[in-house]
Amino acid sequence: MEQTLSIIKPDAVKKNVTGQIISRFEQNDLRIVAMKRIQLSKAEAEGFYYVHKERPFFESLTTFMSEGPIVVMVLEGEDAIAKNRALMGATNPANAESGTIRKDFADDIERNAVHGSDSAESAAFEILYFFSGMEIR
Ligand code: CMP
């Protein structure tokens with residue numbers, strides 16, 4: 001069993017497709033073991049994405065991620081990190097395969113509907129960024 005962090009980003013929350021996205025996780029044997037709907041401050045978005053702080057898109061990305069509510073979840077299952085990334089599809093929805101979350105719900109490379117941890121190391125940091133041990137059941 002493995003855990004990963006998933007975020008339904010402000011664009012997808014605004015489109016009211018939270019439930020449709022969560023269904024895909026459950027239909028693929030990922031279990032939600034923690035979940036909350038919150039709005040990040042700009043500083044909180046910057047802290048989450050600090051690994052990208054030198055990238056040209058950092059300012060725009062963190063402004064977008066703090067523009068409206070998000071839904072953050074801990075997903076648990078076999079190969080949860082890789083499975084979640086497969087369900088999400090490519091970062092740029094223009095390159096995402098049909099049937100993936102980003103192909104169906106994302107607008108562009110920045111407003112791309114969902115985030116998922118890309119490694120066990122990232123998952124450990126990202127889960128702790130949002131949840132305490134007592135909130136994960
Ligand atoms: P995410 O999986 O949340 O991880 C980092 C995010 O940065 C990524 O999804 C995109 O939303 C965004 N991103 C990555 N590359 C670019 C890019 N070239 N231009 C704009 N945003 C990007």
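Both counts, for ligands and for their atoms, begin at 1 and track the order of listing.
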> Distance under 4.0 Å to a non-hydrogen atom of Leu61: what atoms of ligand 1 satisfy this?
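Every atom of ligand 1 under 4.0 Å from some heavy atom of Leu61: 6 (C), 7 (O), 11 (O), 12 (C).
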> Please determine if Thr91 has a nitrogen or oxygen closer than 3.5 Å to a nitrogen or oxygen of ligand 1.
no
> Salt bridge or not for Arg102 and Glu97, using N-O below 4.0 Å?
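No.
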> For the NZ atom on Lys14, are there more than 12 heavy atoms of other groups (residues, nucleotides or ligands in this structure) within a distance under 6.0 Å?
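No.
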> Counting non-hydrogen protein atoms only, what is the nearest one to atom 14 (C) of ligand 1? Give residue, atom name and distance.
Phe57 CZ, 3.5 Å
> Indicate, as side chain, backbone, both or neither, the part of Arg85 found under 4.0 angstrom from ligand 1 when only non-hydrogen atoms are considered.
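For Arg85, no heavy atom sits under 4.0 Å from ligand 1.
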> Any chance the side chains of Ser98 and Lys103 put a donor and an acceptor closer than 3.5 Å?
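Side chains of Ser98 and Lys103: no pair found under 3.5 Å.
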> Taking the minimum heavy-atom distance to atom 11 (O) of ligand 1, which of Lys9, Arg111, His52 ranks first?
Lys9
> Starting from atom 1 (P) of ligand 1, find the nearest protein heavy-atom neighbour and note its residue, name and distance.
His115 ND1, 3.4 Å
> May I ask you to list the atoms of ligand 1 that are less than 4.0 angstrom from any heavy atom of Arg102?
2 (O)
> May I ask you to decide if the ring planes of Tyr49 and His115 are parallel, tilted or perpendicular, using 30° and 60° as cut-offs?
perpendicular
> I need the atoms of ligand 1 closer than 4.0 Å to a non-hydrogen atom of Tyr49, numbered in the order shown.
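Close to Tyr49: 1 (P), 3 (O), 4 (O), 5 (C).
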> Below a 4.0 angstrom heavy-atom separation, can you tell me which part of Ile109, side chain or backbone, both or neither, approaches ligand 1?
both
> Parallel, tilted or perpendicular: which fits the ring planes of Phe125 and Tyr50, with parallel below 30° and perpendicular above 60°?
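Judged by the thresholds at 30° and 60°, the geometry between Phe125 and Tyr50 is perpendicular.
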> How far apart are the closest heavy atoms of Pro93 and Asp107, and which atoms are they?
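For Pro93 and Asp107, the tightest heavy-atom pair comes out as CG-C, 4.0 Å.
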> Do Val114 and ligand 1 have an N or O pair less than 3.5 Å apart?
no
> Quick check for you: to the nearest 0.5 Å, what is the distance between Asp29 atom CG and Asp79 atom CG?
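Between Asp29 CG and Asp79 CG, I get 11.5 Å after rounding to 0.5 Å.
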